[in-house]
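Right, one structure below, let's go through it.
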Amino acid sequence: MKKSPRVIWLEENVTGQLILDIGFVGEYEESVVHKSIVDENPNSTVVGLDIKKDIVNHTRDEGVRGDMFQLPFGDNTFDTVVFAEVLEHIPNPVDSLNEIGRVLSNQGNLFLTTPNPFGVY
């Protein structure tokens, strides 16, 4: 399967010791972005979070069922958060971004992507 430019960009840029991938299940048989992040960060802990009931079918034990508006993690837990192709699906993105800010460490990185018909950036 050919990877999209966004997936390739995420593979090349996402790093961290403790990475949270919010909305990682997606609508496809296989979570391509999540698998790529896990594969590119073999020495990291990558936690996938999704509200869907069927996350067990999409993971290798790194999935957590949870709500992005009330993340089940402590403050400043993650050094990296991936929020790929999720923002455009939620009615109140500011609330989710505030919650991400809570669990992201002070020097952490947020990787946020949305569909863009004009290019990868």
Side-chain angles (χ1 to χ4, degrees):
M1 170 177 22
K2 184 178 178 189
K3 292 181 183 175
S4 77
R6 274 186 291 256
V7 172
I8 294 168
W9 182 82
L10 288 166
E11 285 177 343
E12 293 172 350
N13 290 284
V14 172
T15 61
Q17 288 302 304
L18 189 53
I19 302 169
L20 175 61
D21 183 8
I22 298 175
F24 78 107
V25 172
E27 298 297 326
Y28 304 100
E29 268 315 297
E30 183 179 352
S31 181
V32 175
V33 170
H34 187 75
K35 184 179 181 323
S36 294
I37 292 168
V38 169
D39 291 347
E40 292 296 319
N41 292 277
N43 298 318
S44 302
T45 300
V46 183
V47 177
L49 178 125
D50 209 295
I51 199 160
K52 294 182 180 181
K53 292 179 182 177
D54 64 344
I55 64 169
V56 172
N57 298 328
H58 293 271
T59 70
R60 295 181 302 218
D61 297 327
E62 62 265 343
V64 173
R65 185 164 187 255
D67 183 343
M68 74 178 77
F69 300 105
Q70 295 179 330
L71 294 170
F73 309 107
D75 296 355
N76 303 309
T77 300
F78 295 92
D79 54 0
T80 302
V81 174
V82 178
F83 202 45
E85 315 301 311
V86 177
L87 189 71
E88 67 276 11
H89 297 284
I90 56 178
N92 46 352
V94 171
D95 292 344
S96 64
L97 292 171
N98 284 332
E99 187 65 356
I100 288 169
R102 182 184 69 76
V103 301
L104 190 61
S105 69
N106 291 334
Q107 299 300 313
N109 294 300
L110 170 62
F111 291 87
L112 188 152
T113 65
T114 60
N116 178 353
F118 304 107
V120 69
Y121 303 106

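Please read these numbers as outputs of a predicted model, since none were measured by experiment.
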For residues 87-99, the salt bridge (charged side-chain N to carboxylate O under 4.0 Å, His left out) pairs (sequence neighbours left out) are Glu99-Arg102
| request: Look at the rings of Phe78 and Phe73 and say which category their plane angle falls in: under 30° parallel, 30 to 60° tilted, over 60° perpendicular. | output: perpendicular
Side chains of Asp21 and Val47, heavy atoms from C-beta outward: is any pair under 4.5 Å?
no
- Item | Student check: side-chain heavy atoms of Leu20 and Val82 closer than 4.5 Å | no
- Message: Would you say Ile8 ends up clustered with Ile19 if hydrophobic residues are merged whenever their side chains have heavy atoms under 4.5 Å apart, either directly or through other cluster members?
- Response: no
Review point. So, Gln17 and Thr45: side-chain donor and acceptor under 3.5 Å apart, yes or no?
Key: no
| pair His34-Val46: side-chain heavy atoms closer than 4.5 Å | yes
Smallest heavy-atom separation, Thr114 atom then Arg6 atom, equals O-NH1, 3.2 Å
TODO: Output yes when a side-chain donor or acceptor of Thr80 lies under 3.5 Å from a complementary backbone atom of Thr15, and no otherwise.
DONE: yes
Across all chains, not counting sequence neighbours, the side chain to side chain donor-acceptor pair (under 3.5 Å) partners of Glu11 are Lys3, Ser36
- Would you call Leu87 and Leu112 a side-chain contact if the rule is heavy atoms closer than 4.5 Å? yes
Sorted by chain and number, sequence neighbours left out, side chain to side chain donor-acceptor pair (under 3.5 Å) with Asn43 holds for none
- Task: Check for a donor-acceptor pair, side chain of Asp79 on one end and backbone N or O of Gly108 on the other, with a separation under 3.5 Å.
- Result: no
